[in-house]
Visitor: 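Starting off with a structure, shown below.
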Amino acid sequence: MGWTRLYALIVKELLAVLRDPKGRAILIGPPIVQLLVFSYAATLEVRNVDLMILNRDSGHWGQELIERIDGSPTFRNIEFAADQGEVRVAIDNQTVIAAVEIGPDFSRNIEAGTPADLQVVLDGRRSNASQIVAGYLAQIGATLAAETPAGKRAGTEMVSTVPRNWFNPNLTFQWFMVPNLIASIALLIGLIVTALSIARERELGTFDQLMVSPLRMHEILIGKLIPPMMIGLFHITVYILAAVFLFEVPLRGSLLLLYGSAIFYLGSVAGLGLFISALSMTQQQAILGAFLFMVPAMLLSGFATPIENMPGWLQPITFINPLRYFLVIVKGVFLKDIPLSEVINQTIPLALIAAVTLSAAAWLFRRRLE
């Protein structure tokens, strides 16, 4: 291999990206903004919920329930309804996500030791948030029930459950989100930079010159592969520093394992980008192709929803998604200190994806030359 020729190609690719002021701005600005915005805004937690209460009970326990709901940090604003018509209007207009109706015999039934029912009306259009809010309300009701006279009498017969959250004791959402962003934003940058490389050569008219240069096919592929991987490693390093020092996410595992797997991950991403770039004739087609892959890759990676929850026919498609494997590694290294064997198990598919996509890209390049 001509190392001098390869070095010159790598330098050319880096300069083509870094000399352009707009290119530098795209590589540095948006990833940092996305890291900060998504870390705080892209949360699956349900907070600042608006709630409506229809209290038809004049006793002590109805008021006690209202005070406990009002004291919960989950609920931002509590409105009081005079009748069920107001509840219907509030739910229909999405003024509130849930409404609690306290019956007229609520306190009397509690004092008598008989079941006291609550009606909770939820906005099913926001199904996930409604289920979480229903869980919060059920927990408040269960806590209140345990302190009623009947609850205290049955206390010795009740089973006490004490939850313990491994790896994230306080359920801090940034501990889940920031490691995910390390993998997903690296996918975004690596895919776009690589996908634009060949398409940019075609638009500038230098692709044919590259093909007739002394560079061999494998040297061209390596020269196109290494610069995006270097840029990706730079971004991953910035995100790791931000995760540890800005968001205080614990780094329990080995950085050596994380960076070792990141090389294969970025290689698979760059392979996909080169494959997309080989199919594209213009930079616009390359960008559209990158986003066409990236959006399903995010949805099918387990980033927001578990892969196990997906339909059975859809789950096998996730095996060709490199983000799926690197998410396991990056979250495992940060939160769990996963062993070397698990990192290897997740890295092998990344190496296979890189080999297949790079081979396909090389085949397309040769076919275009015929």
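Keep in mind that the numbers below use all heavy atoms, side chains included, and drop hydrogens, waters and symmetry copies.
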Visitor: Looking at side-chain heavy atoms only, is the closest gap between Phe334 and Val244 below 4.5 Å?
Guide: yes

Visitor: Distance check, rounded to the nearest 0.5 Å: Leu51 atom CG versus Asn77 atom CG?
Guide: 9.0 Å

Visitor: What pair of heavy atoms forms the shortest contact from Phe326 to Ala183, and how long is it?
Guide: CD2-CB, 3.5 Å

Visitor: Only pairs under 3.5 Å count here: list side-chain donor-acceptor contacts from residues 293-302, not counting sequence neighbours, and write none if there are none.
Guide:
| unit_1 | atom_1 | unit_2 | atom_2 | d |
| --- | --- | --- | --- | --- |
| Ser301 | OG | Met298 | O | 2.8 |
| Ser301 | OG | Phe303 | N | 3.2 |

Visitor: Donor-acceptor pair, Thr357 side chain versus Ala354 backbone, under 3.5 Å?
Guide: yes

Visitor: Are Val330 and Leu258 side-chain neighbours, meaning at least one heavy-atom pair lies under 4.5 Å?
Guide: yes

Visitor: Could you tell me if the side chain of Asp117 sits less than 4.5 Å from the side chain of Gln119, heavy atoms only?
Guide: no

Visitor: Would you indicate whether the side-chain heavy atoms of Gln346 and Ile338 approach each other to under 4.5 Å?
Guide: no

Visitor: Looking only at the side chains, is there a donor atom on one of Trp175 and Glu248 sitting less than 3.5 Å from an acceptor on the other?
Guide: no

Visitor: Please test Glu111 against Trp61 for side chain to side chain contact (heavy atoms under 4.5 Å, CB included), starting from the C-alpha separation and ending with a verdict.
Guide: CA-CA 9 Å; Glu111 294 293 342; Trp61 292 107; 2.7 Å; yes

Visitor: Are the side chain of Ser130 and the backbone of Leu122 linked by a donor-acceptor contact shorter than 3.5 Å?
Guide: no

Visitor: Can you tell me how far the CD1 atom of Ile276 sits from the OG1 atom of Thr194, to the nearest 0.5 Å?
Guide: 9.0 Å

Visitor: Could you give the distance from CD1 (Ile110) to CG (Asp105), rounded to the nearest 0.5 Å?
Guide: 11.0 Å

Visitor: Please list all pairs passing the side chain to side chain donor-acceptor pair (under 3.5 Å) test where one or both residues lie in residues 254-276, with sequence neighbours left out.
Guide: Thr237-Tyr259

Visitor: Rounded to the nearest 0.5 Å, what's the gap from CZ on Phe275 to OG on Ser359? Could you check?
Guide: 11.5 Å

Visitor: I'd like to know if the side chain of Asn93 and the backbone of Thr95 have a donor-acceptor N/O pair within less than 3.5 Å.
Guide: no

Visitor: State the CG-CD1 distance between Asp70 and Ile140, to the nearest 0.5 angstrom.
Guide: 10.0 Å

Visitor: Can you tell me how far the CD1 atom of Ile353 sits from the CD1 atom of Ile348, to the nearest 0.5 Å?
Guide: 12.5 Å

Visitor: Could you check whether atom CZ of Arg252 has more than 12 heavy atoms from other residues, nucleotides or ligands sitting under 6.0 Å from it?
Guide: yes

